[in-house]
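Atoms within a ligand are numbered from 1 in the order they appear, just like the ligands themselves. The analysis underlying the following values was restricted to heavy atoms, covering all of them including side chains, and did not include hydrogens, waters or symmetry mates.
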Amino acid sequence: MDSTPNGKMIVPDEGTISPVRIFLNFTLLFVGTYWAILVPAFLIARMGYRRYASPLRSIPGPFLASCTRLWKIRSTIGENTHWEHIDLHRKYGPVVRIGPNEVSFSSPHVARNLLSAGKRFYKTDFYSVFPPPENPDIFTEIREQVHAMKKKVANVPYSMAAMRQLSPFIDDTIEFLVSRMGGFCTDPTTVSKEGAPFIGKKPQPILDLGDWLHYFAFDVLGEIAFGRSFGFLAAGVDKENAIRTIDNSQKYNGIIGQIPELDVFLRRNPICKYIPALDPANNLITRIAKEEMAKRRPFEIEREGKGAGGDGREDLMASLIKGHLKDPQKFHEGDIFAVAHGAIFAGSDSTASTMQSFFWLTLTAPRVYAALKAEIDAAVASGAIPAAGNIEWTQSQGLPYFQACLKEAMRLRPAVGLNITRYAPAPDGVEIDGRHYPAGTRLAVNGWVLHRDQAVFGSDAEFFRPERWLDDEENARVMERYMFQFGGGAHVCIGRNLALLEINKVCPRLLRDFDFQLVNPTREIKAKATFFVVQEGLQVYISRRDAGL
Ligand code: HEM
């Protein structure tokens with residue numbers, strides 16, 4: 001206690017010190033002194049609560065996953081989610097708790113229900129980090145009603161009929177790919193019969209088929225979306241590192257999609273705009289998309305069918321502009337850019353990855369590769385497919401073994417490697433296989449797991465055996481119903497017609513025109529799950545062949 005100059009003691013008026021203040025002071029002092037114990041204690045209590053007080057508490061799974069999202073973040077950073085989930089279901093069974101509020105299912109029957117239209121299993125906030133957040137495209141739009149409106153407009157240019165009209169531009173790109181690949185062919189005068197990699201003094205050129213298929217997929221999308229190629233095949237390299245930048249951005253989406261609340265501090269942080277390397281607007285693909293938007297103004301030119309894109313063709317952007325002009329309230333101007341630009345992100349890695357899987361699985365199975373070549377040779381000999389030039393969609397439909405190999409590749413190595421996740425519907429939640437999941441529970445499925453279900457695909461579901469699609473028609477129909485490489489329901493892939501058209505034209509053509517030999521037949525290609533499975537290491541030696549002659 002203080003004293004006054006005259007020596008009298010100052011007695012504090014107890015009534016003027018608020019008890020709240022005393023409590024706050026005490027709390028601050030306490031926390032300040034013991035924070036090193038209190039913070040971990042709080043976190044442990046929170047983890048324990050999430051682990052044991054949750055309605056999901058009896059579902060098996062990794063302990064850490066049941067208490068914190070860190071387990072999923074770690075799994076996504078590791079880029080190995082696809083294989084990890086296969087192991088997880090082997091260990092814990094058909095239903096696994098992979099997050100405090102998230103469950104993964106291995107049953108294709110559950111997946112069919114979960115992804116069906118009209119059942120009100122809506123997309124989670126995982127998708128909200130995928131750009132552009134200010135104007136979501138078909139893939140990133142999580143407001144279901146708005147999504148349905150946008151998809152209705154975009155479905156028109158994505159129909160198979162519309163895609164087949166653009167087929168000549170795919171043909172030109174295939175022609176160019178084939179001519180570029182010709183530069184990697186072994187010189188026949190220097191090759192030994194055994195096809196040894198080094199002949200005489202001249203090393204046999206190595207073709208990174210994975211890279212070239214990637215360039216091809218991008219250039220096709222440039223033609224389809226904007227009426228012009230991105231020029232990857234011409235350059236023969238990843239121009240301006242555009243593909244790598246997109247892959248890195250997908251990796252970011254995959255990881256931050258697990259903790260979307262962090263996005264505002266990272267990519268959505270306005271500071272990014274001032275750092276050129278971090279501003280997505282500087283990416284080659286985005287620049288081209290913007291240039292094309294600018295070129296097509298005023299939009300009325302497209303309505304008159306003149307095709308401001310340059311050569312009068314109705315590319316995706318032209319068609320979206322028409323959709324906007326028809327109903328600007330439902331399909332805004334910003335949607336034109338978002339949907340056309342988004343197509344490149346959604347359609348490039350996915351299509352490339354599918355073709356890479358097809359070639360990898362086929363070339364590592366000599367019996368399959370030989371049977372495939374025999375089918376193509378026979379088709380050429382009979383005139384079912386031409387001996388030179390491009391192959392039409394209808395012609396490749398007449399190659400049953402090729403179709404079986406493609407389905408088998410999409411079954412064993414689907415292009416999406418992360419989970420597809422939906423919320424249990426509000427307000428009542430949902431019952432699945434006798435267990436109730438409250439509204440808002442995250443329900444996840446992964447194609448890599450679903451497509452290995454032995455009840456649907458057979459006891460040898462682990463193995464690449466294209467014949468399973470040809471053994472029994474009825475069985476093939478059942479298997480087809482439980483394939484999820486393109487997702488399902490209201491969110492089924494809008495670009496699947498385009499992807500299948502491309503693949504059905506280019507793969508048989510390459511098999512007809514070239515012989516392939518893997519450089520490292522025993523080395524597994526790298527398959528990194530960001531959202532799509534990005535693959536590396538599909539290196540081959542090639543030589544020309546005269547199929548069917
Ligand atoms: C073989 C190639 C492809 C595969 C395997 C594939 C796979 C998928 C999958 C699994 C989904 C559902 C994702 C989910 O629900 O979370 C999806 C959606 C989507 N895909 Fe594809 N895709 C391919 C090619 C393409 C192409 C070429 C485009 C566009 C040009 C495209 C555009 C989209 C869009 C916009 C969505 C969102 C659909 C919606 O939510 O309504 N995809 N794709």
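Taking the six-membered ring for Trp and the full ring otherwise, the centers of F121 and Y423 sit at least 6.0 Å from each other. For F531 and F345, the distance between ring centers is not under 6.0 angstrom. Aromatic pair H109/Y482: centroids less than 6.0 angstrom apart.
Residue-ligand proximity, Y127 to ligand 1, at heavy-atom distances under 4.0 Å covers atoms 14 (C), 15 (O), 16 (O). Interface of A490 with ligand 1, defined as ligand atoms under 4.0 Å from a residue heavy atom, comprises 41 (O). Taking a cut-off of under 4.0 Å to the non-hydrogen atoms of A415, the atoms of ligand 1 that pass are 5 (C). Distances below 4.0 Å separate heavy atoms of V492 from the following atoms of ligand 1: 38 (C). Atoms of ligand 1 found under 4.0 Å from any heavy atom of T351, numbered from 1 in the order shown, are 1 (C), 2 (C), 24 (C), 27 (C). Close approach of ligand 1 to V416 (heavy-atom distance below 4.0 Å) involves ligand atoms 10 (C). The atoms of ligand 1 that sit less than 4.0 Å from any heavy atom of A499 are 1 (C), 2 (C), 24 (C). Annotation for ligand 1: atoms under 4.0 Å from non-hydrogen atoms of I138 are 35 (C), 38 (C), 39 (C), 40 (O), 41 (O).
Contacts between A225 and ligand 1 below 4.0 angstrom, taking non-hydrogen atoms only, are absent altogether. Only the side chain of L221 comes within contact range of ligand 1, with a heavy atom under 4.0 Å; no backbone atom does. Under 4.0 Å from ligand 1, the heavy atoms of K151 that appear belong solely to its side chain. Under 4.0 angstrom from ligand 1, the non-hydrogen atoms of I420 all belong to its side chain. Looking at K123 against ligand 1, only its side chain comes within 4.0 Å, counting heavy atoms. The proximity of T354 to ligand 1, defined as any non-hydrogen pair under 4.0 Å, is limited to the side chain.
Between the side chains of H491 and E144, at least one donor-acceptor pair of N or O atoms lies under 3.5 Å. At a cut-off of 3.5 Å, with distance as the only test, a side-chain donor of E467 or Y401 sits close to an acceptor on the other residue.
Between E141 and K151 there is no salt bridge, since no side-chain N of the basic residue sits under 4.0 Å from a carboxylate O of the acidic one. Salt bridge present: E524 and R413 bring a charged side-chain N and a carboxylate O closer than 4.0 Å. For the pair R90 and E462, the salt-bridge criterion is met [side-chain N within less than 4.0 Å of a carboxylate O].
The side-chain tip of K123 does not point at the ring of F126 from less than 6.0 angstrom away and within 45° of straight on.
Put simply, the residue from H85, H82, H89 that forms a ring-ring contact (aromatic ring centres under 6.0 Å, His included) with W448 is H82. Among E408, M483, R452, the single residue meeting the side chain to side chain contact (heavy atoms under 4.5 Å, CB included) criterion with F457 is M483.
You'll find the side chain of I224 reaches within 4.5 Å of the side chain of I170, heavy atoms only.
Nearest protein heavy-atom neighbour of atom 34 (C) of ligand 1: I494 CG2, 3.7 Å. For atom 29 (C) of ligand 1, the nearest protein heavy atom (residue, atom name, distance) is Y158 OH, 3.6 Å. Here the heavy atom of the protein found nearest to atom 33 (C) of ligand 1 is A346 CB, 3.6 Å. Protein heavy atom in closest approach to atom 9 (C) of ligand 1: F486 C, 3.7 Å. The closest protein non-hydrogen atom to atom 7 (C) of ligand 1 is Q485 O, 3.3 Å. The nearest protein atom to atom 13 (C) of ligand 1, hydrogens excluded, is given as F139 CE1, 3.8 Å; this is a heavy-atom distance. Counting only heavy atoms of the protein, atom 27 (C) of ligand 1 lies nearest to G347 CA, 3.4 Å. Residue, atom and distance of the protein heavy atom nearest to atom 22 (N) of ligand 1 are C493 SG, 3.0 Å.
Among H491, R422, H147, the residue whose heavy atom sits closest to atom 15 (O) of ligand 1 is R422. In the candidate list A217, P157, S350, S350 is nearest to atom 24 (C) of ligand 1, counting heavy atoms.
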Please report the C-alpha distance between F218 and F232 in whole Å, then the side-chain angles of each, then the deciding distance to 0.1 Å, and finally whether the ring pair (Phe, Tyr, Trp, His ring centres under 6.0 Å) criterion is met.
-> CA-CA 7 Å; F218 267 95; F232 288 108; 5.3 Å; yes
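Summarising the geometry, atom CG belonging to L443 is positioned 10.5 Å from atom CZ belonging to R422; distances are rounded to the nearest 0.5 Å.
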